[in-house]
Each structure stands twice: as C-alpha cells, then as structure tokens.
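The block underneath contains the structure these notes are about, expressed in structure tokens.
Letters A, B, ... are given to chains in the order of the sequence lines, protein chains preceding strands, and every chain is numbered from 1.
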2 protein chains.
Amino acid sequence: MGKKPAQKLSRREFFEKGHLYYLTHLSIDNVIFGFHDNQLKVLLLEWKDTRRWCLPGGFILKGEHIEEAAIRVLHQRTGLNNIYLQQFYAFGDPNRERSKHGIEPPLEVKNKSWLTERFVSIGYWALVEFSKVVPKPDEFSETCQWWDIDKVPTLILDHNNILEKALDSLRRNLNDYPVGRDLLPPKFTMPELQRMYETILDKQLDRRNFQKKMLALDILERLNERKQGGAHKAPFLYRFDQRKYEKAMKQGLRIGLQ
Amino acid sequence: MGKKPAQKLSRREFFEKGHLYYLTHLSIDNVIFGFHDNQLKVLLLEWKDTRRWCLPGGFILKGEHIEEAAIRVLHQRTGLNNIYLQQFYAFGDPNRERSKHGIEPPLEVKNKSWLTERFVSIGYWALVEFSKVVPKPDEFSETCQWWDIDKVPTLILDHNNILEKALDSLRRNLNDYPVGRDLLPPKFTMPELQRMYETILDKQLDRRNFQKKMLALDILERLNERKQGGAHKAPFLYRFDQRKYEKAMKQGLRIGLQ
DNA sequence: ACAAAAGTGTTAACCGTACACCCATGA
DNA sequence: TCATGGGTGTACGGTTAACACTTTTGT
C-alpha cells in the first residue's frame, strides 16, 4: 500500500481502490503549452463519456513527490522527459467535486468511489517543443490534442480558470526568466523568437528593439547559417547557449519588454 | 460529516476522528509577517510536547475553501479579520510525515490516526499590523509569539524552507504590489515606510529617491500633521489612499527599487 | 523593378541614481 | 551651536522607445 500498484489498475479497480494507492482529495492539473504556426497552443483531453474537454491531470501516489506526479502525468500525455515544470497555484474551491459538474463515475461504483469527493488540485504549467510531442489520450479520454489558446472550449470544472491563471503565471515569468528553449526547436530565427514572445504576451513588439534586447541578454548564439526557403531575405539562425541559459534560469533576468 | 464539528473536538477525538471533518493528507501553513522596532517578525508556535517551534497551521474542513481555512487559522492565532492572504506554494515532498520527524501523536492513538500520514501543505503568507495582534497558542502549543526573521530557530518538518519561500514570494511581490498598509499603523512617516521596505528587502535605500518613488506611485496622502516626540525634525505623517491603494493592488505597480 | 522581410544604426525622452543644500529639533 | 534626521531639488548617465536606411530575395 502506498507504492505504485504492481500492475496497472483496471478502470473499475481505479474507482474502487484508487484511494489505496493515491492521496485522496488531491489532484494535479497540467497546463502544457506549445508553440506552432505563430500560435500558442495548449494540450487538452476529451472525456470518453461526457465528450467534454479538460486539462491533462492525474493523482499523486502515496510515496510520490507532487512534482514527480506532475512529471509522470506530463510524460504519459506527451512522451517527453526532462521538461521544465512550474507549479503556479493550488485550486481549493469546495465545489471542485466531479459530481457537482455532471462528471459521475460509472453507476456500479457510484457513492463508493473516492473520486466523488471534493478535490484540491495543484496546477503546473510546462513548455514543450510542439513537434516533439506525440499526444496520447489516457484510459478515460477519447482524444488528446492541441488547441489554439484563444479557441479553447468550455472545459470541465474550473479548468478554464486554471488555464487563465497558468497564462498569467507564464506571462509574469517571461520577464524574469528565459523561455524560448522549451517552446522552440533547437535552431530558430530572431523573428520566430519574437513571434513567440508576441503571442504569449499578446502584444506587438518593435522588431529592432527586440533584437537588441535579446542579444543583450547574452544567452543566444548566432550560427553561420540562415533559414532558407522563406520568400524574402534569409534570416540568421540562432540557438541558446546552454550554459548561459541555465545560469539565467537560476539567477533570473530583468527583460522588461515594452 | 464534512461540516464543521458541532462542538469543538477534544484532543483525542481530533486525532481519532479528525478525518471525518477535515481533508486528509492536506494542511495549511501560514507565514504571518509583522513589523516592529525596525524588524521584520514572524509569528511562531511552540509545541507542548516536543518544545519545538513551527509555523501556525491547520487543516481544511471538508466543505471549506482552502483560503477560508487559511483565514480561519490566521484569525485563531491573531484575532484579526480582513487580512490580506497570499497563497505562494504547495509543499509536496513525500517525507512530509510527522512520524518521520519525531512528531508522534499520543501513544494511545498511534497508528490509528490520520495525522501520521504524509501531508501536502499549502503555504500562505499574510501581512499584519504588529500592534493589533494578540497571539494565541492553539491547543497543541505552549506559546505563540513573534520572532525576528533573522533569529528564527530550527523549525519542525520543512517549515524553515516554507518560511524561506514565503520571504522570496513576499520580496517578489514588493515590486509589483503595494504592501505597507497591512504592516504599518494607519498613519506613518516616510522614514518608517522606508525602514519597512529596507527590512523586507534586506537592503539600504536612498532616502530621497525612495520618497520620490513612493510619492510617484500616487497611493499616499500626506496629512497636515507631523510625528512629534522624535529627537529631531518632526517628519510628516502619511496614510494610504484606500481607493488608489486597492486599484494598485488589482492592476499592479512596477516600483523597481534600486 | 518592386514589395516584403531582415540586418544595422541613430536619436531623443525618460528614469534611476548619486549627491547637495537647507530646515527643525534636542542635547 | 552642533549633531542628527528630515524635506526638497538638480545633474549626470544609462536604458528604452521611436524611427530611418540599407540589404536580400521571390515574383
């Protein structure tokens, strides 16, 4: 008890016996951001029964650090490892009960399941490289797919609110820490980096000042290559200097974008 | 069940039956800051049995918002209402078990109590007016008193770490939101306000530039009184403009102190 | 040749910082 | 009258924001 179940629980066992392995009343919700086609995206799941969308989440094993749990969930949905996760808020409204929102466990276990109780959820956000993700639905969901951040439908429970708060936290983070490495491919152009910032901040930035600021941070390395194939002048490719990036990650920056 | 217990639980009932009223595996820890004698203070409790110090904390009733729980705990220890509380982090190390840190429930209920399990704790910090607080120990503690922030002893569990993180969060908050109203008496002088900032930031600030910045925020109102009784030139008294303070609280500031 | 995107440089306004001067008060 | 703390103003330097010009490329 308290360890990882020796074998995967069946759906029914999960409802009936999950509380033997997982912490009750507590869940994790991950807001997984990606960037593609000049759009900020978020990974969502669609429930099998209700056909409603939600954030990828999960529960905490009894011997597991909550961050480990978040990492595990992230890995299960995206296949990715070594991802930067940021805890941003705990959601503790007493109305956070699945039963109050039309999300019932199967009839045969109703009123017996730990899942009908009220849950406090701890929110994490993550930034991932869009192209590397292979979205995998979990056993309760039909599909797992990316949504444009401004087209997200009404989600279950307070998940829209959680997403909102995650975006807030991410934006606040933008001015104090470097970000691009996790959202962009290893090599990228300055205009691409700028689009990313503009998309997250939902704000237009001056091309020339942006370039100066980014270079002044001293975390970028310009390569002797240009991105070919565009319709116009070929822009230089850049990559992050790993060492300097890590350092900036630790001690913070003060970017101050317009 | 799930409601507030009709009458206060005895110590033994609390250990044996607490899980009927409170969420298991979940606790609240409050870091309550005060300011007095040019010192930042934090309110701590001393356990009866182990004589060790800890942060004032508590548990979440089944029908209670986690923030309500934090407010309730704050009220019980300080007697204060309407206090600004800020959630700053959830602590989820699986080693957060009382039993692993020499904090055992009474022998007669050992191994039967929900309190021996591992707990995830949600941290809140609060700023309170030192002089208004009447520290009240809870039923498990001997004393409840203020400690200078730089003289805090070794606390139980990871409470030193929680305190550290709370200070971090408070400092980060300082540059984005107004703060003084909650830590200072209603009328205060500019030097007093400056000492408060200096103490929290642990940094000396230029007197003249500080004054300019604070006034530029446009949340202070200078009164036609001066603080008498000091050894030197009598400084003006100020108070916060409530409406403007609230507004700044919502939309944030960008102070940028040296 | 032209439009559109990218690279580079210049300037003026603003802000943060350092510092000087005067005033009030108690010893 | 002197030391100390408080109130107010100025000047310098660096940063930010606004903007102009040139280069490259596909059509």
Cation over ring face, B:Arg226 and B:Phe236, 6.0 Å, 45°: yes
Taking any atom closer than 4.0 angstrom to a non-hydrogen atom of chain B, what span of DNA chain C does the protein reach, first nucleotide to last? C:dT17 to C:dG26
Are any side-chain N or O atoms of A:Glu198 and backbone N or O atoms of A:Leu205, one a donor and one an acceptor, separated by less than 3.5 Å? yes
Verify the ring-centre separation between B:Phe35 and B:Phe33: is it less than 6.0 angstrom? no
If you take any heavy atom closer than 4.0 Å to DNA chain C, which residues from residues 225-237 of chain A end up in contact? A:His232, A:Lys233, A:Pro235, A:Phe236
Closer than 3.5 angstrom, by distance alone: can the side chain of B:Thr78 be matched with the main-chain N or O of B:Leu80 as a donor-acceptor pair? yes
Classify the ring geometry of A:Phe240 against A:Tyr245: parallel below 30°, tilted from 30° to 60°, perpendicular beyond 60°. perpendicular
Can you tell me if A:Asn30 uses its side chain to pair, donor with acceptor, with the backbone of A:Ala70 under 3.5 Å? yes
Using the ring centroid of each side chain, check whether B:Trp147 and B:Trp53 are separated by less than 6.0 Å. yes
Donor-acceptor check, side chain of B:Lys213 to backbone of B:Gly256, threshold 3.5 angstrom: yes or no? yes
Quick check for you: name the first and last nucleotides of DNA chain D, 5' to 3', having an atom under 4.0 Å from a heavy atom of chain B. D:dT4 to D:dT10
Would you mind telling me which residue lines up with the more 5' stretch of DNA chain C, B:Ile255 or A:Met190, judged by nearest nucleotide? A:Met190
Between B:Tyr197 and B:Phe210, is the ring centroid distance below 6.0 Å? yes
Run the numbers on A:Met214 and A:Leu193 for side-chain contact (heavy atoms from CB on, under 4.5 Å), then give the verdict. CA-CA 9 Å; A:Met214 282 301 140; A:Leu193 184 63; 3.8 Å; yes
Side-chain (B:Asp158) to main-chain (B:Asn161) donor-acceptor, under 3.5 angstrom: no
Hey, are B:Glu46 and B:Ser141 close enough side-chain-wise for a donor-acceptor pair under 3.5 Å? no
Looking at residues 201-209 of chain A, who's got a heavy atom less than 4.0 Å off DNA chain C? A:Arg207, A:Arg208
Heavy atoms only, 4.0 Å cut-off, all strands: where does B:Arg222 land among base, sugar-phosphate and nothing? sugar-phosphate
How are the rings of B:Trp125 and B:Tyr84 set relative to one another: parallel (under 30°), tilted (30 to 60°) or perpendicular (over 60°)? perpendicular
All salt bridge (Lys or Arg N to Asp or Glu O under 4.0 Å) counterparts of A:Lys187, not counting sequence neighbours: A:Glu225
Short of 4.0 Å, heavy atom to strand atom, which residues of residues 211-221 of chain B count as contacting DNA chain C? B:Lys212, B:Lys213
For a 4.5 angstrom cut-off between non-hydrogen side-chain atoms, does B:Gln242 reach B:Arg181? yes
